[in-house]
Amino acid sequence: MNLLFEKSQPGRGSSLIGPCDVEMYSPGEEYSRKTPLLLPELSESDISRHYSALERRAHGVNNGFYPLGSCTMKYNPAVNEKIAGMSGFCDVHPLQPDHTAQGCLEVLALAGDYLCEITGMDNISLQPAAGAHGEFTGIALIKQYHRSRGDLKRDKLIIPDSSHGTNPATSAMTGMRIVNIPTKPDGRVDTDMLKQAAGGDTAGLMLTNPNTLGLFEKDILKITEIIHDAGGLVYCDGANMNAIMGVARPGDMGFDCIHLNLHKTFATPHGGGGPGAGALGCKSHLSQFLPSPVIAKTGSGYSRQSPGSQSIGRVKGFDGNFLVVLKALAYILTLGGEGIVQTAHNAVLNANYLMKLLSECYTVAYPGQCMHEFVLSMEKEADEKGITASDIAKALIDHGIHPPTVYFPLIVREALMVEPTETEGKETLDMAAGAFLSIYRAAIENPQAVKTAPVSTPVGRPDEVTAARNPVIKYTPGV
Ligand SMILES: *Cc1c(COP(=O)(O)O)cnc(C)c1O
């Protein structure tokens, strides 16, 4: 498919923008471009068709099943978009004085209150723009906590080897030293190893619960106690809250802070449709370090206030991705207290149903009941027949199914990580199981059969290593 630049015809244009009705202002010669701006010249219908064609090549939750493990690709209710499009929310300037934007501040305050209730936290910042950004903010809070007590030697952060790649990456960005602890054969934290690792140099532990293998950390109270006894704090990667929201609260498990991926658990669009939001909740002993400003309710209404002189400062402009928070609030209010619990139950039920169907052929990496997602391993098939997790993932595309997450978590060889979410019905899960199983059987019979998949897409198997190592993502005219 040609780029807009390649479709450009000199002189072609569209009348999207009417003539300017105010006096033109030039910033002066000094700031003027020396060369003309290279922009494609196209008619409005050319542009419209171009983007429609791109859209048809993409796969979203509205196109079909999207079981991308860890990412919680659930349906994004249309009503949330409608609310986020209302002029009272869209046409507000973030620098308007607080007393002229009370409704928007109330949205932030309400969303914060509900998210605190769901997580069991005392305070929250809605500034972080993604889960990874929330992690960075939370670890910065933990660092500031130790610093405020003059406890400067705590620079070690313990992270299980099953963790999401963003965990060590974001913590390292705050200057932490990362220490991995291994996972036990049952897929959970090894508390003996944790005890050995925790000590006077430990700033904290970063843990996902349910963990990235889709398993609940049953020893969570013991785990958080080990870290607290060693003087550290415990961070919860809340990306998997979809399994437990309304059912169990990380705040009650001993976690000191948590990020939520509003674009996962709380149904705001993500992927190419971003932006996201990584709300960061904390217990009261960390509140004074939260990014500034926080939303407070006073006698005269809502206002933006500094959490105090020990705040880590801003992590994002203005109030974060306000409309994303608004959509998440709309989702929470639509579900209500009972709906939130039901959502978590259905997410777990759907995952277990699909896991059971797939286990007819596939090896479940950690057998037993799962939470909202599960991990399959193609290790045996890869070793014996050369059929890899990637082959299965590619073949699913020809069935109209987005591939599951592959090769994550890193501790499972040839991993396929499947998360159906609660928004899929039984028929879709049965259809998906049919596709997974027929692909498997065809591959075992003839391993070559899956090597050419997908055959229904414009490009079958791009050279992924070259694409990652040498990405060509910029258009250079004439090349
Ligand atoms: C998605 C995810 C993250 C990172 O969140 P982003 O919003 O993509 O930055 C962290 N941990 C886990 C377990 C995740 O699934």
Side-chain angles (χ1 to χ4, degrees), residues 61-62 65-67 70-84 86 106-124 126 208-210 214-218 220 236-253 255 258-270 276-279 281 283 297 323-356 369-374 419-429:
V61 272
N62 284 350
F65 192 40
Y66 205 138
S70 215
C71 294
T72 313
M73 302 296 292
K74 63 169 78 177
Y75 173 67
N76 311 134
V79 67
N80 300 348
E81 300 301 319
K82 185 167 174 158
I83 289 165
M86 288 164 77
E106 188 178 350
V107 163
L108 294 170
L110 256 187
D113 285 350
Y114 283 123
L115 296 174
C116 281
E117 178 61 34
I118 290 168
T119 53
M121 294 290 151
D122 299 317
N123 279 293
I124 199 158
L126 300 168
T208 315
N209 195 23
L215 303 172
F216 192 82
E217 295 284 356
K218 288 183 285 200
I220 189 62
C236 182
D237 175 336
N240 290 343
M241 272 302 285
N242 210 46
I244 59 167
M245 62 172 171
V247 179
R249 307 195 311 167
D252 301 333
M253 302 175 198
F255 285 104
I258 178 174
H259 82 257
L260 293 165
N261 302 63
L262 301 191
H263 46 285
K264 295 182 180 172
T265 315
F266 296 94
T268 74
H270 62 147
K283 288 282 185 62
K297 187 167 186 198
L323 294 176
V324 179
V325 176
L326 172 62
K327 288 181 208 180
L329 175 63
Y331 178 73
I332 292 170
L333 292 174
T334 308
L335 288 180
E338 285 173 17
I340 285 184
V341 176
Q342 196 63 50
T343 295
H345 284 167
N346 288 355
V348 173
L349 180 64
N350 274 2
N352 279 284
Y353 179 68
L354 189 56
M355 180 174 74
K356 181 88 181 72
Q369 204 183 327
C370 67
M371 294 298 287
H372 63 308
E373 61 192 1
F374 57 92
E419 178 181 6
T421 83
E422 73 285 358
T423 54
E424 299 299 340
K426 181 173 178 298
E427 297 72 26
T428 305
L429 301 180

Taking [X] for the side chain and [Y] for the main chain, is one N or O donor matched with an acceptor at less than 3.5 Å?
| X | Y | value |
| --- | --- | --- |
| Asn242 | Ala347 | no |
| Asn76 | Ala267 | yes |
| Asn352 | Cys370 | yes |
| Lys264 | Asn240 | no |
| His263 | Thr268 | no |

Compare every heavy atom of [Y] with every heavy atom of [X], then report the nearest pair and how far apart it is.
| X | Y | result |
| --- | --- | --- |
| Ala239 | Thr72 | O-OG1, 4.1 Å |
| His372 | Ala243 | ND1-CB, 3.4 Å |
| Ala84 | Leu323 | O-CD2, 3.6 Å |
| Tyr66 | Val61 | CD1-N, 3.7 Å |
| Ile124 | Gly112 | CG2-CA, 3.5 Å |
| Glu217 | Asn209 | N-OD1, 2.8 Å |

Please set out all donor-acceptor pairs under 3.5 angstrom arising from side-chain atoms of residues 325-333, sequence neighbours excluded.
unit_1: Lys327; atom_1: NZ; unit_2: Glu81; atom_2: OE1; d: 3.0
unit_1: Lys327; atom_1: NZ; unit_2: Glu81; atom_2: OE2; d: 3.3
unit_1: Tyr331; atom_1: OH; unit_2: Lys74; atom_2: NZ; d: 2.8

Any [X] side-chain heavy atom under 4.5 Å of [Y] side chain:
| X | Y | value |
| --- | --- | --- |
| Leu215 | Met371 | no |
| Leu429 | Phe65 | yes |
| Pro210 | Ile244 | yes |
| Ile118 | Met241 | yes |
| Phe255 | Ile220 | yes |

Report the distance from atom [atom1] of [X] to atom [atom2] of [Y], rounding to the nearest 0.5 Å.
| X | Y | atom1 | atom2 | result |
| --- | --- | --- | --- | --- |
| Thr421 | Glu419 | OG1 | CD | 7.0 Å |
| Lys426 | Leu349 | NZ | CG | 11.0 Å |
| Met121 | Asp252 | CE | CG | 8.5 Å |
| Thr423 | Met73 | OG1 | CE | 10.0 Å |
| Thr119 | Lys283 | OG1 | NZ | 9.0 Å |
| Leu108 | Glu106 | CG | CD | 10.5 Å |

- Task: Report yes or no: do Ser70 and Glu373 form a side-chain donor-acceptor pair below 3.5 Å?
- Result: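 No, Glu373 and Ser70 have no side-chain donor paired with an acceptor closer than 3.5 Å.
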
- Note on the structure: Here the salt bridge (charged side-chain N to carboxylate O under 4.0 Å, His left out) pairs for residues 115-124, sequence neighbours left out, are Glu117-Arg249

- Message: Tell me whether the count of non-hydrogen atoms from other residues, nucleotides or ligands lying under 6.0 Å of CZ in Phe216 goes above 12.
- Response: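 Buried by this count: over 12 neighbours within 6.0 Å.
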
